Amino acid sequence: MSDPTWHIIRPKQSLVAFDPAELWRFRDLLNNLALRDIRLRYRQAALGIIWVIFQPLVGGVIFTILFNKVAGIELQSKIPYFLFALVGFATWSSFSGTFSKSSMSLVQNAQMISKVFFPRIILPLSTIYGTLLDFAIALTAVLIGLVIFQVPITLAILTFPLWLLVIQILALGLGMMAGAVSVSYRDVQYALPVLLSMGTFASPVGYPLVNAMVKVGPSLQPFFLINPMSGLIDAMRWSLLGEPVYSWGLVGYNVAFALVAFLLGMVVFRKLERRFADVI
């Protein structure tokens, strides 16, 4: 009888949690986890995937009524307010979906973490698939709306994958930090839904950023400008609708913030990862 083969697992020495070679070896697990989450979302829903189409449309209608009809906010361009609100809602949903799901992915898969070895970073990464699917369906609704309302499509639309990538990087970085901390402190999972709900109105989801800057005055403007999603929502509207951007400097700050948040998220995730199986 031949001697048994031993495989020794040692902790990584890198400061970041992202190892492309290791992720490639576990790519099947990543895909299966992502597909499992997508199936579970609508398995027992009577309307199934129709909810994916229903949510952004209803969100666009509600924000149109709330800000355009009730608050009386008007756009400087001739773009229908519904499309303006739809793009804002879809963009914010893309961010909040990845942020909230990735932050909860570790706690929700506690049994896997405690019993099986695999790169833990796979859990937050797997949440992106469902978010991208939702955004793709919302984007289809936006494109149909552009045709119906005869809104011209410009070359700026080629940049929307870039803004979507930056938004996902931002959401994943913040989600990794929140998820790693929530393993030890479950308060995070109660605080995040409240913060994201507040962020919906603190971000220019249903209103133009330029209007907010005029209304709130100089004393409150910094609270809007430090929001890492303000410029990205503006940039997404520019790419899809041709809406003017309030400040490209703000967009640059948001991009830099997203990159720093992603790197910091990987560092925090790596530092706390060794304790996951013991604490969770």
Side-chain angles (χ1 to χ4, degrees), residues 12-23 88 91-106 119-128 131-132 135 159-185 187-189 191-196 198-200 202-205 209 212-213 220-239 245-276:
K12 300 289 184 180
Q13 299 302 318
S14 174
L15 289 177
V16 298
F18 192 86
D19 185 349
E22 190 175 47
L23 289 179
T91 303
W92 177 259
S93 297
S94 174
F95 166 76
S96 63
T98 297
F99 185 13
S100 60
K101 293 173 187 175
S102 60
S103 65
M104 302 300 176
S105 60
L106 297 175
R120 310 309 191 200
I121 192 68
I122 282 180
L123 293 174
L125 282 177
S126 66
T127 62
I128 296 179
T131 303
L132 292 180
F135 185 83
T159 66
F160 97 85
L162 171 63
W163 310 122
L164 181 60
L165 174 62
V166 174
I167 290 169
Q168 291 303 305
I169 287 176
L170 172 62
L172 187 59
L174 296 176
M176 285 191 295
M177 282 190 280
V181 174
S182 68
V183 171
S184 300
Y185 304 98
D187 309 66
V188 175
Q189 61 183 316
L192 276 183
V194 178
L195 293 176
L196 288 174
M198 294 170 60
T200 305
S203 304
V205 177
L209 183 58
M213 294 296 99
L220 294 179
Q221 286 180 2
F223 292 97
F224 286 87
L225 297 179
I226 63 174
N227 184 343
M229 279 296 294
S230 294
L232 296 177
I233 294 175
D234 254 14
M236 186 67 80
R237 287 195 176 114
W238 169 76
S239 65
V245 173
Y246 174 76
S247 170
W248 283 108
L250 177 62
V251 175
Y253 152 73
N254 290 166
V255 172
F257 188 101
L259 294 176
V260 172
F262 184 70
L263 292 175
L264 184 59
M266 289 194 295
V267 171
V268 172
F269 194 93
R270 171 63 72 190
K271 185 175 181 180
L272 300 179
E273 183 178 12
R274 301 178 185 179
R275 303 175 53 207
F276 289 168

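Nothing here was measured: the structure is a model prediction, and the numbers come from that model.
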K.L.:
Between Tyr253 and Ile226 (side chain of the first, backbone of the second, donor and acceptor by atom type, cut-off under 3.5 Å), is there such a pair?
P.N.:
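Such a contact is found between Tyr253 side chain and Ile226 backbone.
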K.L.:
If we ignore hydrogens and angles and just use 3.5 Å, is the side chain of Asp234 paired with the main-chain N or O of Val245 as donor and acceptor?
P.N.:
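Judged by distance alone, no pair lies under 3.5 Å.
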K.L.:
Taking all atoms of both residues into account, what is the closest heavy-atom pair of Ala202 and Asn227, and its distance?
P.N.:
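The pair with the smallest heavy-atom distance is O-ND2, 3.6 Å.
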K.L.:
How far apart are the closest heavy atoms of Leu23 and Pro119, and which atoms are they?
P.N.:
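That closest heavy-atom pairing would be CD2-CB, 4.5 Å.
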K.L.:
Would you check, one step at a time, whether the test side-chain contact (heavy atoms from CB on, under 4.5 Å) holds for Val183 with Leu272?
P.N.:
CA-CA 9 Å; Val183 171; Leu272 300 179; over 6 Å; no
K.L.:
Just one of Ile233, Leu164, Thr131, Leu196 clears the side chain to side chain contact (heavy atoms under 4.5 Å, CB included) bar with Phe95, so which one?
P.N.:
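Among Ile233, Leu164, Thr131, Leu196, the one meeting side chain to side chain contact (heavy atoms under 4.5 Å, CB included) with Phe95 is Leu196.
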K.L.:
Testing the basics here: between Met266 and Met176, what is the closest heavy-atom pair and its distance to 0.1 Å?
P.N.:
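Answer, listing the atom of Met266 first, then Met176: CG-CE, 3.5 Å.
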K.L.:
Checking Ser103 side chain against Ser100 main chain: does a donor-acceptor pair fall under 3.5 Å?
P.N.:
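Side chain of Ser103 to backbone of Ser100: a pair is present.
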K.L.:
With rounding to the nearest 0.5 Å, note down the distance linking CZ in Phe269 to CG in Leu264.
P.N.:
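Rounded to the nearest 0.5 Å, the CZ-CG separation comes out at 13.5 Å.
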K.L.:
Leu209 vs Met213, test: side-chain contact (heavy atoms from CB on, under 4.5 Å). Steps then yes/no.
P.N.:
CA-CA 6 Å; Leu209 183 58; Met213 294 296 99; 3.9 Å; yes
K.L.:
Output, in order, the C-alpha distance, side-chain angles, deciding distance and verdict of ring-ring contact (aromatic ring centres under 6.0 Å, His included) for Trp163 and Phe160.
P.N.:
CA-CA 5 Å; Trp163 310 122; Phe160 97 85; over 10 Å; no
K.L.:
Quick one: do Thr91 and Met229 satisfy side-chain contact (heavy atoms from CB on, under 4.5 Å)? Show the steps, please.
P.N.:
CA-CA 9 Å; Thr91 303; Met229 279 296 294; 4.2 Å; yes
K.L.:
Show the nearest heavy-atom pair for residues Val188 and Ala178, with the distance to one decimal.
P.N.:
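For Val188 and Ala178, the tightest heavy-atom pair comes out as CG1-O, 3.8 Å.
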K.L.:
Is there a donor-acceptor contact under 3.5 Å from the side chain of Ser102 to the main chain of Phe99?
P.N.:
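Between the backbone of Phe99 and the side chain of Ser102 there is a qualifying donor-acceptor contact (under 3.5 Å).
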K.L.:
To the closest 0.5 Å, what do you measure between CG (Leu225) and OH (Tyr246)?
P.N.:
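That separation rounds to 6.0 Å.
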K.L.:
Strictly distance-based, threshold 3.5 Å: is any side-chain N or O of Ser203 a donor or acceptor partner for the main-chain N or O of Val205?
P.N.:
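Judged by distance alone, no pair lies under 3.5 Å.
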K.L.:
Can you measure from CZ (Arg120) to OG (Ser105) and round to the nearest 0.5 angstrom?
P.N.:
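Separation between the atoms: 12.0 Å.
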K.L.:
What closest approach, in Å, do Thr200 and Trp92 show between heavy atoms, and which atom pair accounts for it?
P.N.:
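So the two residues come closest at OG1-NE1, 3.1 Å.
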K.L.:
Does the side chain of Ser184 reach to within under 4.5 Å of the side chain of Val181, using non-hydrogen atoms?
P.N.:
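No, too far: nothing below the 4.5 Å cut-off.
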K.L.:
Would you check if the side chain of Ser247 reaches a backbone N or O of Leu250 as a donor-acceptor pair within less than 3.5 Å?
P.N.:
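It does hold such a pair.
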K.L.:
What's the separation between atom CD in Gln189 and atom CG in Leu106, rounded to the nearest 0.5 Å?
P.N.:
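Gln189 CD to Leu106 CG: 11.5 Å, rounded to 0.5 Å.
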K.L.:
Say you draw a straight line from OG1 of Thr127 to CD1 of Ile122; how long is it, rounded to the nearest 0.5 Å?
P.N.:
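Atom-to-atom, Thr127:OG1 and Ile122:CD1 are 12.5 Å apart.
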K.L.:
At what distance, to the nearest 0.5 angstrom, does CE of Met236 lie from CD1 of Ile167?
P.N.:
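Result: 4.0 Å between the selected atoms.
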K.L.:
If you look at every heavy atom in Ala258 and Leu170, which pair is closest and at what distance?
P.N.:
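In terms of heavy atoms, the two residues are closest at CB-CB, 3.7 Å.
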K.L.:
State, yes or no, whether a side-chain contact exists between Leu259 and Phe262 at a heavy-atom distance under 4.5 Å.
P.N.:
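No, side chains not in contact.
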K.L.:
Just checking, any donor-acceptor pair under 3.5 angstrom between side chains of Thr98 and Gln168?
P.N.:
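Thr98 vs Gln168: donor-acceptor pair found between side chains.
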